[in-house]
Every structure is written in structure tokens, then in C-alpha cells.
Amino acid sequence: MHSRPAPVVLGPAGTTADDVLTVARRGAPVELSVRALDALAAARRVVDDLAAKPDPVYGVSTGFGALAVRHISPDLRVQLQRNIVRSHAAGMGPRVEREVVRALMFLRLKTLASGHTGVRPEVAQAMAGMLNAGITPVVHEYGSLGCSGDLAPLSHCALALMGEGDAEGPDGTVRPAADLLAAHGLAPVTLREKEGLALLNGTDGMLGMLLMACADLAALLTAADVTAALTLEALLGTDRVLAPELHAVRPHPGQAASAANMLKVLDGSGLTGHHQTGHDGLPAAPRVQDAYSVRCAPQVAGAGRDTLAHARTVAERELAAAVDNPVVIDGRVESNGNFHGAPVAYVLDFLAVAAADLGSIAERRTDRLLDKNRSHGLPAFLAGDPGVDSGLMIAQYTQAALVSELKRLAVPASADSIPSSAMQEDHVSMGWSAARKLRTAIDHLTKVLAVEMYAATRAVELRAGLTPAPATQAVLRAVRDAGVAGPGDDRFLSPDLAAAEGFIRSGRLVAAVESVTGPLS
């Protein structure tokens, strides 16, 4: 069993991607630093002073959105804050994953801790208490336009904080939030001026999903370098195109990193270099150069790496931000547009494009392995007895279907906008939608690479008389140890692609290579 991670301490200056992942995925507890509590108290004094004055202040003593023109009397302000949460908790559709909701809550707490939102310290402490108790509000798929914050998702979290709505307990059972709070000794929060709005107005959902996508895609980019190298080896290709000096003349850092990874995998291979002369027992298949899907693998995966680096830069800036409207700043409360999700939405869409292209090139490599006219001596569809069995013919169909879906998921959500709130919110980012489809794209890409790995390892083992690279041999051993069927195994007649997917998803593919090569990029 894994021990519970150490607490993540939130101060007023933001947080890190690792902290978000630790809280979201590993259930780390959260603490507010003394400086954060001091910042919260100082900002609250500003809000209380403004609330006591007769002049209307947006978010403190007015309505919201298109209703911001109405001044709200003091006796109705608690009701106003409660009502905005209730009315905005209007999401629909399937439940969002637990890790996404925990990231959403933690990132909202991060902004509260900045001291720019004006909520009381006890509100922030109550949210930390929910996270630490493992209480996860039920949040639905639809309800955010990625502008004015992820409104419906955040509202469902705030609703649970008030002791309303449903939530999932640490045992995975969904129960009324009030019952879960009581079971863990937590009291529902009664919101005061500004606090309801402050709990709803942020890019926290799309940012949390961006951070998790960056971590997942980084692992898949390395796995894609490995599967590309395995395919190059199985096709008796050349590794000369991976030479560092060739990539130095086009100095994209991602490209150089991918080429270096592939070279490490192929070091010591007895299969590379037969592209011109053939080999004893195999038909000569002279080739001046390999096909694009093999030869240009570092350029495509490398572009994905550089796109990921840009996305991480945007995410780091957003992690340092305090996204709310209005904000408490320099002793006053000011309206602003920092809640607009465009910066995050763009990179979410950009990553979906990169994922689609990475899947597309992997599928083309797989198809070459299966086509006896282009595989340089391999049996049709890598079948044990072509015609009697179909080998991996339909596995490639599955891969192709996933790639086709990846292309649809690459259509940018952020290119769209739909007006809302009586045309007050007349241009939105659709960043939440971009994040949701990126999660699906990353899941599909994992499956696509699993099919390539399955085909490439089978093809390498069919190259009798040739010795694979030591790293490849380590992969073959690990694949078989994991129960992924290979040549001569009756189970191969029904490919266990789920096992291959799990092998990649768990990180065992890259770990097998690194046991020989040392760390990959």
C-alpha cells in the first residue's frame, strides 16, 4: 500500500503542478499557511468595509452578470450569495472524474489563499476540510462555457460546501453532502458578501485538466519514441537518420530529444541497417530511405514535445494567477476580465492537435508492419498462418477507428463562442469543452500506441536469426512477463490489446527500456 502523501501547504503566492497532481490523484491533504490566513483576513476587512458603505460595489452589494445593476440591501446579501450558488449549480450529464473535481477544488482554494478574493479564512478552511476528508462533490460534464469561470462545476462544489447537493465520500458512495460533512465533523458554510461569487469565478477546472493532460502526454510522448523505434527495427530500417548532427541543423529541442530517445532504444540492434543490402535468409529490399512515418518520427513527436512545453508555460502562469472577479487589490475591489479562459483553452486545443498527429503517424507505421508488400519480409498481418488466421488485421481497424476519432477531437473548441447572460457575456472561451475532449484524446492515443507496440514486438520476434537491441529485448521480456501474448501463443489469435494498453498506461514500456538505457527524455 502507498502511504498518504505529505500535506501540501498553500500560501498566498500560488502553487506548483506537482502539488495539484498530488492532491488530485494521490489524495494529499491540504494546509493553509499562516501567511495565507493573514492575507485572507486582510482582504476580508476590505470587503467588510465596502459592504458597510451605501455605494454599490459589484459582487459585494449588487446582483451578478446582466443583473449587476441592482443594489442589494444588507438584509438580503446572505440570501444573494446562497442563491447564486444554488442557481448556478445547473450542470447536466455524466459525473466528472474524482481527480478532476479534486483539482478544481484545490485550484479554487489556491486562489482564495492569494488574498485577492475577499472571502473569510473560515471559508477557505472549510474547503480544505472537504478535500482532506475525501469528500468529492458531484460535478457534471456540461455547464461551463470557460468564461466567468467554470461556473456550473464550481457551483456544485460550493453547493456541497454549503451542505447541499450530493457528494462522493472517501468510500466511493454518493450521499447527500450534508450527511458527509456531518460524518466528518465539518459544518456547512453560510456565505456572506462576495463569497458566493468568489467560489465560482475561476478557470480551475480547465487548468486542472490541463495540468493532468500535460503529465499524461509527456509520458505518452516518450512511449511513442519507444514504439517508433521498435517499428523502425522491425522494418529493418536505418537509424542513421537519428544522428544528433542531423537534428542540430534544425534546432527544435523536442525533435532532438525524440531522436535521442530512439537512438538509445536502437543501440546495439542487429536489425537496423538492412535497408539497402537485405540479410541472409531474407529477401533483399533495397531502400534509399525509409517512409516518412518512420523517418520523420522525431520531427512529429518532437513538435508534440515543443507544443507541450508551450502548454506548460501557460499552465505555470495560470498557476501563479489569482483568477476572480471582482478582485481585492491595493485596498479596493475592482472588476476585471481575468476569468476569461482563452489562454488555457488555446493550449488545450493545441495539445489535442498534437495528440491526433502522434496517433496518426503511429497508425501509419502499424499499417506498414502488417502489409506484406511494405514490411520487408514479414508475413501478411503478422499472422502465424495468413489466411487461416487474420493476425492483427482487425487490431489495425480498431487503431484506425481511434485515429479517426482523434482527428475529430482535434477540432478546436476555442474557435467557437456562444453568447450568454443576456449578451453581457457575449464572448466565451469554451475552455472546459477543450479540456474534456483532450482527456478523451489522450485516452485514445494510449490505445493507439498500444496497438503499435503489440504489432512491433510481434514483428521483431518474427525476425528469426537477427538480434534485437538490448533495450528491445528488455521490452520483449517485460511484455511477456505482463501477460501480453506473443508469437506461438494461442492467445495471439485473439489479441489482448487491453493488456497492451495497460502495459503502456502503467509506464512499464518506458521502464523496461530505461532498465537498459538509463533515463529517456
S.K.: More than 12 foreign heavy atoms under 6.0 Å from CZ of R35: is that the case here?
M.R.: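 No.
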
S.K.: Do M162 and P188 have side-chain heavy atoms sitting under 4.5 Å apart?
M.R.: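 In short, these two side chains do not touch, never coming nearer than 4.5 Å.
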
S.K.: Flag the pair P137 / M105 as yes when at least one side-chain heavy-atom distance between them is below 4.5 Å, and no otherwise.
M.R.: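 Heavy-atom side-chain distance check passes, below 4.5 Å.
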
S.K.: Less than 4.5 Å apart, any side-chain heavy atom of L161 and any of V123?
M.R.: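 Yes - at least one pair of side-chain heavy atoms lies under 4.5 Å apart.
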
S.K.: With a 4.5 Å heavy-atom cut-off, do V30 and L109 have their side chains touching?
M.R.: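 Yes, close enough: below the 4.5 Å cut-off.
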
S.K.: Do N338 and V327 come within less than 4.5 Å of each other through their side chains, counting heavy atoms only?
M.R.: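 Side chain of N338 against side chain of V327, heavy atoms only: no contact under 4.5 Å found.
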
S.K.: Run the salt-bridge test on D443 and K447 with the 4.0 Å N-O cut-off and return the result as yes or no.
M.R.: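 Between K447 and D443 there is a salt bridge, with a charged N closer than 4.0 Å to a carboxylate O.
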
S.K.: According to ring-ring contact (aromatic ring centres under 6.0 Å, His included), does anything in residues 120-150 pair up with another residue at least two apart or in another chain? List the pairs.
M.R.: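 As it turns out, the ring-ring contact (aromatic ring centres under 6.0 Å, His included) pairs with a partner in residues 120-150, which skip direct neighbours, are H140-H156.
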
S.K.: Could you go through the salt bridge (charged side-chain N to carboxylate O under 4.0 Å, His left out) check for R192 and D48 one step at a time?
M.R.: CA-CA 10 Å; R192 289 171 46 185; D48 287 341; 3.6 Å; yes

S.K.: Show me the side-chain donor-acceptor pairs of residues 307-315 shorter than 3.5 Å, one per line, residues at least two apart or across chains.
M.R.:
{"unit_1": "T307", "atom_1": "OG1", "unit_2": "A303", "atom_2": "O", "d": "2.9"}
{"unit_1": "T313", "atom_1": "OG1", "unit_2": "A309", "atom_2": "O", "d": "3.1"}

S.K.: Any salt bridge between E164 and R82, counting N to O under 4.0 Å?
M.R.: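 A salt bridge is absent here (no side-chain N lies under 4.0 Å from a carboxylate O).
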
S.K.: Determine, stepwise, if the pair N201 / V323 fulfils side-chain contact (heavy atoms from CB on, under 4.5 Å).
M.R.: CA-CA 7 Å; N201 231 326; V323 179; over 6 Å; no

S.K.: Evaluate H247 against Q299 for side-chain contact (heavy atoms from CB on, under 4.5 Å), listing each step before the verdict.
M.R.: CA-CA 9 Å; H247 297 276; Q299 284 77 6; 3.6 Å; yes

S.K.: Passes side-chain contact (heavy atoms from CB on, under 4.5 Å), L438 versus M209? Steps please.
M.R.: CA-CA 9 Å; L438 177 58; M209 286 186 277; over 6 Å; no

S.K.: Should T173 and R175 be marked as a side chain to side chain donor-acceptor pair (under 3.5 Å) after you check the CA-CA gap, both sets of side-chain angles, and the distance that decides it?
M.R.: CA-CA 6 Å; T173 301; R175 298 167 56 191; over 6 Å; no

S.K.: Can you tell me how far the CG atom of D38 sits from the CG atom of L32, to the nearest 0.5 Å?
M.R.: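 It comes to 11.5 Å.
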
S.K.: Given side chains that start at C-beta, do those of D19 and L319 come closer than 4.5 Å, heavy atoms only?
M.R.: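 With C-beta onward as the side chain, the pair stays apart.
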
S.K.: Decide if atom OH of Y346 counts as having more than 12 heavy atoms of other residues, nucleotides or ligands within a radius under 6.0 Å.
M.R.: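 Incorrect, the count does not exceed 12.
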
S.K.: Should R305 and N261 count as side-chain neighbours, where that means a heavy-atom distance under 4.5 Å?
M.R.: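 They are in side-chain contact.
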
S.K.: Rounded to the nearest 0.5 Å, what separation is found between the OG1 atom of T517 and the CG atom of D267?
M.R.: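 Between atom OG1 of T517 and atom CG of D267 there are 9.5 Å.
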
S.K.: Atom CG in L211, atom CZ in R25: separation rounded to 0.5 Å?
M.R.: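 The CZ atom of R25 is 10.0 Å from CG of L211, to the nearest 0.5 Å.
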
S.K.: Working to the nearest 0.5 Å, report the span between NZ of K437 and NE2 of H444.
M.R.: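 Result: 12.0 Å between the selected atoms.
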
S.K.: Between R77 and E195, does any NZ, NE, NH1 or NH2 come within less than 4.0 Å of an OD or OE carboxylate oxygen?
M.R.: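 Answer for the salt bridge query: no.
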
S.K.: Between D166 and R95, is the closest basic N to carboxylate O distance under 4.0 Å?
M.R.: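 Answer for the salt bridge query: no.
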
S.K.: Would R102 and E99 pass as an ion pair if we require N to O under 4.0 Å?
M.R.: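 Here R102 does not pair with E99 in a salt bridge, since their nearest N and O are not under 4.0 Å apart.
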
S.K.: State, with a plain yes or no, whether a side-chain heavy atom of L199 is found less than 4.5 Å away from one of L112.
M.R.: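 Contact flag for L199/L112 side chains = yes.
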
S.K.: Identify whether the distance between the nearest side-chain nitrogen and carboxylate oxygen of K194 and D324 falls below 4.0 Å.
M.R.: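 A salt bridge links K194 with D324.
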
S.K.: Rounded to the nearest 0.5 Å, what separation is found between the CG atom of L217 and the CG atom of L221?
M.R.: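 So the CG of L217 and the CG of L221 are separated by 4.5 Å.
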
S.K.: Is a salt bridge present between K110 and D204, judged by a nitrogen-to-oxygen distance below 4.0 Å?
M.R.: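 Judged by the 4.0 Å cut-off on N to carboxylate O distance, K110 and D204 do not form a salt bridge.
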
